[in-house]
Amino acid sequence: ITLQWYDDYAQTFGEDSPEGWQLGLFTEEEAVALSEKTIASRDYVHEMVSSLVTTADVQGEVKYIVVSWMKVNPGMETEYVNMEKEIYKLWAEELISREQMSYWGIWNVWPYAEGESRYFAVQGFANVEQLAGTFDSLTPGELGLDMTLEELMELTQKTREMVRQEVWVLVDQVWAEEE
C-alpha cells in the first residue's frame, strides 16, 4: 500500500504537487530500486484510470440515460474495454446517425472497491420516443466487422456480466453563457 497526503482533491491527480516533496524520504539507491520495482504497476494504474474511458460524440440532446452496471470477468478488463470501443461503439454511432439514440459511452469509476461494478455502459436518448423505441437490428457485418452475431455474443458473455440497469432522467440543467 502507498499512502500520500494531499492538500486538495485536484492534487490527487498530480496537479500542484509541491516540488521536492519526496526529498529525504529515501536514499538515491532506495528511490531507484523502488521506482524499478513499481513502475509497471504504476503505469498500468495510470493507463487504467486515464485511458480506459471512451465515448461516441454526443449528436444531440440527452434527456434520458440508461446506465448498465457491468461486472467484468476476472482478467478480462482489456478485452472488455476493447470490445466496447471496437464493436459496441460502432453500433451506437450507427444508431446515433439514425437518430435512434443520442449518446453512448463507457464509463470507468475510480476509485472503486473490490467486488463493485467498475464499468458502466451508458446510452442516452433525447426523448421518451427514442427511449421506448426499437433499435434497428444490426449485424456485425453491417458495421464492417469480420465476425458473426454468435461470435459477438460469445465474446460479450466471456468478458462481462450485466449486473443491473437504471434509467436516469435529466430534470434540469444550466450551461455557461457563450461569449
Which atoms form the tightest heavy-atom contact between [X] and [Y], and what is the distance?
X	Y	value
Leu155	Met147	CD2-CE, 4.4 Å
Glu84	Tyr80	OE2-OH, 2.8 Å
Asn73	Gln157	ND2-O, 3.4 Å
Glu94	Leu138	CG-CD1, 3.7 Å
Gly124	Val62	CA-CG1, 3.9 Å
Met70	Val163	C-CG2, 4.3 Å

Membership question, hydrophobic clusters at under 4.5 Å side-chain separation (ILVMFWY): are Met153 and Leu143 in the same one?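 The answer is yes; both residues are in one hydrophobic cluster.
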Over 12 foreign heavy atoms within 6.0 Å of CD, Glu154: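 Atom CD in Glu154 is not packed in, count stays at 12 or less.
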Answer yes or no: is there a donor N or O on one side and an acceptor on the other, between the side chain of Ser68 and the main chain of Phe120, under 3.5 Å? no
Any side-chain hydrogen bond (donor to acceptor under 3.5 Å, both in side chains) involving residues 137-147? Give me the pairs, sequence neighbours left out, ordered by first then second residue. Thr139-Glu142
Can you tell me how far the CD atom of Glu129 sits from the CD atom of Glu99, to the nearest 0.5 Å? 13.0 Å
To the closest 0.5 Å, what do you measure between CG (Leu95) and OH (Tyr103)?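 Interatomic distance, Leu95 CG to Tyr103 OH, rounded to 0.5 Å: 15.0 Å.
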Does [X] reach the side chain of [Y], with side-chain heavy atoms less than 4.5 Å apart?
X	Y	result
Ile106	Tyr119	yes
Gln100	Gln130	no
Arg160	Lys71	no
Leu90	Glu93	yes
Val81	Glu77	no

Contacts of Glu166 that satisfy salt bridge (charged side-chain N to carboxylate O under 4.0 Å, His left out) - sequence neighbours left out: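 Salt bridge (charged side-chain N to carboxylate O under 4.0 Å, His left out) list for Glu166, sorted by chain: Arg164.
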What's the verdict on side chain to side chain donor-acceptor pair (under 3.5 Å) for Tyr64 and Ser102, showing C-alpha distance, side-chain angles and the deciding distance? CA-CA 9 Å; Tyr64 301 92; Ser102 302; over 6 Å; no
What verdict does the side chain to side chain contact (heavy atoms under 4.5 Å, CB included) test give for Lys89 and Trp104, after you've listed the backbone C-alpha separation in whole Å, the side-chain angles of each residue and the deciding distance to 0.1 Å? CA-CA 7 Å; Lys89 182 178 179 180; Trp104 173 89; 3.5 Å; yes
Can you check side chain to side chain contact (heavy atoms under 4.5 Å, CB included) on Tyr88 and Thr156, steps first, answer last? CA-CA 10 Å; Tyr88 285 106; Thr156 301; 2.8 Å; yes
Which is it for Val67 and Val167 under the side chain to side chain contact (heavy atoms under 4.5 Å, CB included) test, yes or no, and what are the steps along the way? CA-CA 6 Å; Val67 181; Val167 177; over 6 Å; no
Should Trp91 and Ile87 be marked as a side chain to side chain contact (heavy atoms under 4.5 Å, CB included) after you check the CA-CA gap, both sets of side-chain angles, and the distance that decides it? CA-CA 7 Å; Trp91 171 79; Ile87 299 171; over 6 Å; no
